[in-house]
Amino acid sequence: MAAEPTKHDTLLRQWQMLRLIPRYPAKITAGDICDRLATDGFKVTKRTVERDLASLSEVFPLLSDEREKPFGWSWKKEAVPLDVPSLGNGEALAFKLIEQYLAGLLPHATLAQLAPYFRMAGQRLNTLPKGSSFQAWSDKIRVVQPAQPLLPPKIDARVQQMVSDALLFDRQLVVRYQKRGEDELREYLAHPLALIQRGAITYLVATLFDYADPLLLAMHRIRSADILDERVHRPKDFDIDRYIAKGALGFGDGKLVKLEAIFYEPAAEHLYETPLSEDQVITPVDDTRVRVTATVANTPQLEWWLMGFGDAVEVVKPASLMEGIREMVQNMAAQYQLR
DNA sequence: AAGTCTCACCCGACACGGTT
DNA sequence: AACCGTGTCGGGTGAGACTT
């Protein structure tokens, strides 16, 4: 049904226009705005858009770059995003949470674009009445790690920017990297593939030089990074989810093994709800113990996890894992001998 | 290098239809 | 009748392509 234009439509269209206009130095032309509006269902001529821009710029801090045609329209750099109350309480809260928990994973450019929204979200939440349910929400939500909490290491701001830009635009990087336990820097030509945050630490997944195997570079050990014009050579079969599933983040070789272990029942309780793998099987051994089998990546992470149960678990298979733990326990026993 | 042509763009003027 | 929002038209303009 082709509705006649009404005042209502005009208002909505101009509001939508304000949202389409980017912040300086980005800009958008009247023609582009017209096209974008058309896809949003506002079918008007460019002339109307031009008139709208002219009248909107009398009220809002908009500027047009008239050095060349077509003119480019932007919000002034310092403008508060949308001088209309467009950020609802829920949105403000969402921005706040993004800022708190995802800042390390977002492209630098995106973060810079979002900065005014983060500011606005903070203001918005601060102006809510004390004890408002939205304001209280951010005091009711925390993401915690199941391991011992560690303070996040410092990541060089420029490195963060270069790496995220390279990742975003699929560009190669020259990184100078300080391997753990080494004083000297090594210089690598890196093909960035992914960013992974694991607990307090953020890793860059990349291949180096012409090698095909992806490996992990801890972001905080990258001392400098420079972006190149050359495009990344991305291994055809690289898949971030498979990479993680293979156990890369446990720092092992990630070979899948059949784990078999005898747990004291209470220790295995949570495995019913959060199994180790799809093929996990739990069978009773006696009144107090169960046998757990599952196919998992054989990584140090697995060993740490098992060790965390102390004497509430006995690893049966694989033999290598069992031997490793046995050796560790013997050494511990020796260390704690009464003297 | 200078002149000409073409094109896209901006913007003022006007007409039209709907609302107040 | 006055006003408003919009589409249409055409003049002025500047950039780039083309010609001389």
Side-chain angles (χ1 to χ4, degrees), chain A residues 1-95 106-121 123-125 127-128 134 158 161-162 164-174 226-234:
Chain A
M1 210 183 4
E4 291 298 312
T6 66
K7 272 189 175 172
H8 195 54
D9 282 341
T10 306
L11 188 62
L12 290 180
R13 183 187 71 234
Q14 294 181 346
W15 190 7
Q16 181 64 15
M17 281 179 63
L18 291 172
R19 300 164 77 169
L20 289 174
I21 297 171
R23 178 177 307 276
Y24 182 87
K27 55 188 181 178
I28 187 170
T29 66
D32 287 342
I33 290 176
C34 190
D35 292 343
R36 296 279 301 274
L37 285 176
T39 63
D40 290 332
F42 299 103
K43 299 220 167 20
V44 291
T45 59
K46 189 148 64 77
R47 183 73 192 93
T48 297
V49 171
E50 287 163 4
R51 274 192 286 252
D52 283 346
L53 284 169
S55 53
L56 285 173
S57 62
E58 287 175 14
V59 185
F60 295 100
L62 303 178
L63 59 88
S64 68
D65 178 357
E66 307 189 353
R67 284 171 303 181
E68 61 181 38
K69 288 182 175 179
F71 299 169
W73 289 82
S74 342
W75 284 90
K76 286 180 185 168
K77 197 173 180 183
E78 70 281 6
V80 175
L82 271 195
D83 254 337
V84 286
S86 61
L87 207 54
N89 295 344
E91 293 159 297
L93 180 59
F95 275 117
L106 287 170
H108 181 272
T110 306
L111 270 184
Q113 278 172 6
L114 291 179
Y117 291 91
F118 292 149
R119 258 205 320 279
M120 194 177 184
Q123 286 166 6
R124 178 97 198 168
L125 292 174
T127 57
L128 291 175
F134 276 102
R158 195 184 129 80
Q161 172 172 1
M162 287 292 153
S164 72
D165 281 359
L167 198 59
L168 184 63
F169 299 114
D170 282 327
R171 298 287 189 70
Q172 298 180 21
L173 274 175
V174 173
D226 288 297
I227 204 161
L228 302 179
D229 285 336
E230 283 76 20
R231 293 187 67 82
V232 160
H233 301 158
R234 175 174 277 263

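In what follows, chains are A, B, ... by sequence order, proteins preceding strands, each numbered from 1. The structure displayed is predicted, hence computed values, not measured ones.
- Regarding A/Gln14, its CD atom lies at a distance of 12 Å from the C1' atom of C/dT6, rounded to whole Å.
- For the OP1/OP2 pair of C/dG5 and a distance below 4.0 Å, the side-chain nitrogens and oxygens of A/Arg13 include no atom meeting the criterion.
- Taking atom CG of residue A/Leu37 and atom C1' of nucleotide C/dG7, one finds them 16 Å apart after rounding to whole Å.
- Here B/dC9 presents its P atom at 9 Å from CG of A/Asp32, a figure rounded to the nearest Å.
- For C/dC4, neither phosphate oxygen OP1 nor OP2 lies less than 4.0 angstrom from any side-chain nitrogen or oxygen of A/Thr10.
- When rounded to the nearest whole Å, the span between CD of A/Glu50 and P of B/dA13 equals 15 Å.
- Not a single donor-acceptor pair under 3.5 Å links the side chain of A/Trp73 to the backbone N or O of A/Ala30.
- Phosphate proximity of C/dG7 to A/Thr45: present, with a side-chain N or O under 4.0 Å from OP1 or OP2.
- Taking 4.0 angstrom as the limit, A/Thr48 places a side-chain polar atom (N or O) nearer than this to OP1 or OP2 of C/dG7.
- With DNA chain B read from its 5' end, the first of the two nearest nucleotides for A/Arg47 and A/Pro70 is the one closest to A/Pro70.
- Between the CG atom of A/Asp65 and the P atom of B/dC10 there is a distance of 12 Å, rounded to whole Å.
- For A/Arg51 against C/dG7, a side-chain N or O and a base N or O form a donor-acceptor pair under 3.5 Å.
- Side chain of A/Ser74 to main chain of A/Pro22: no donor-acceptor pair is present (N/O by atom type, distance under 3.5 Å, no hydrogens or angles).
- Atom-to-atom, CD of A/Glu66 to C1' of C/dG14 comes out at 13 Å; the value is rounded to the nearest Å.
- Atom CG in A/Leu56 sits about 12 Å away from atom P in C/dG5, given to the nearest Å.
- With A/Gln172 contributing its side chain and A/Val232 its backbone, the two residues share no donor-acceptor pair below 3.5 Å.
- In the set C/dT8, B/dC10, C/dT6, the nucleotide with an atom closest to the side chain of A/Lys46 is B/dC10.
- Rounded to an integer number of Å, the gap from A/Lys27 NZ to B/dC9 P is 14 Å.
- Between A/Asp35 and A/Lys46 there is no salt bridge, since none of the side-chain N atoms of the basic residue sits less than 4.0 Å from a carboxylate O of the acidic one.
- Between A/Gln14 and A/Thr10, some side-chain heavy-atom pair lies under the 4.5 Å cut-off.
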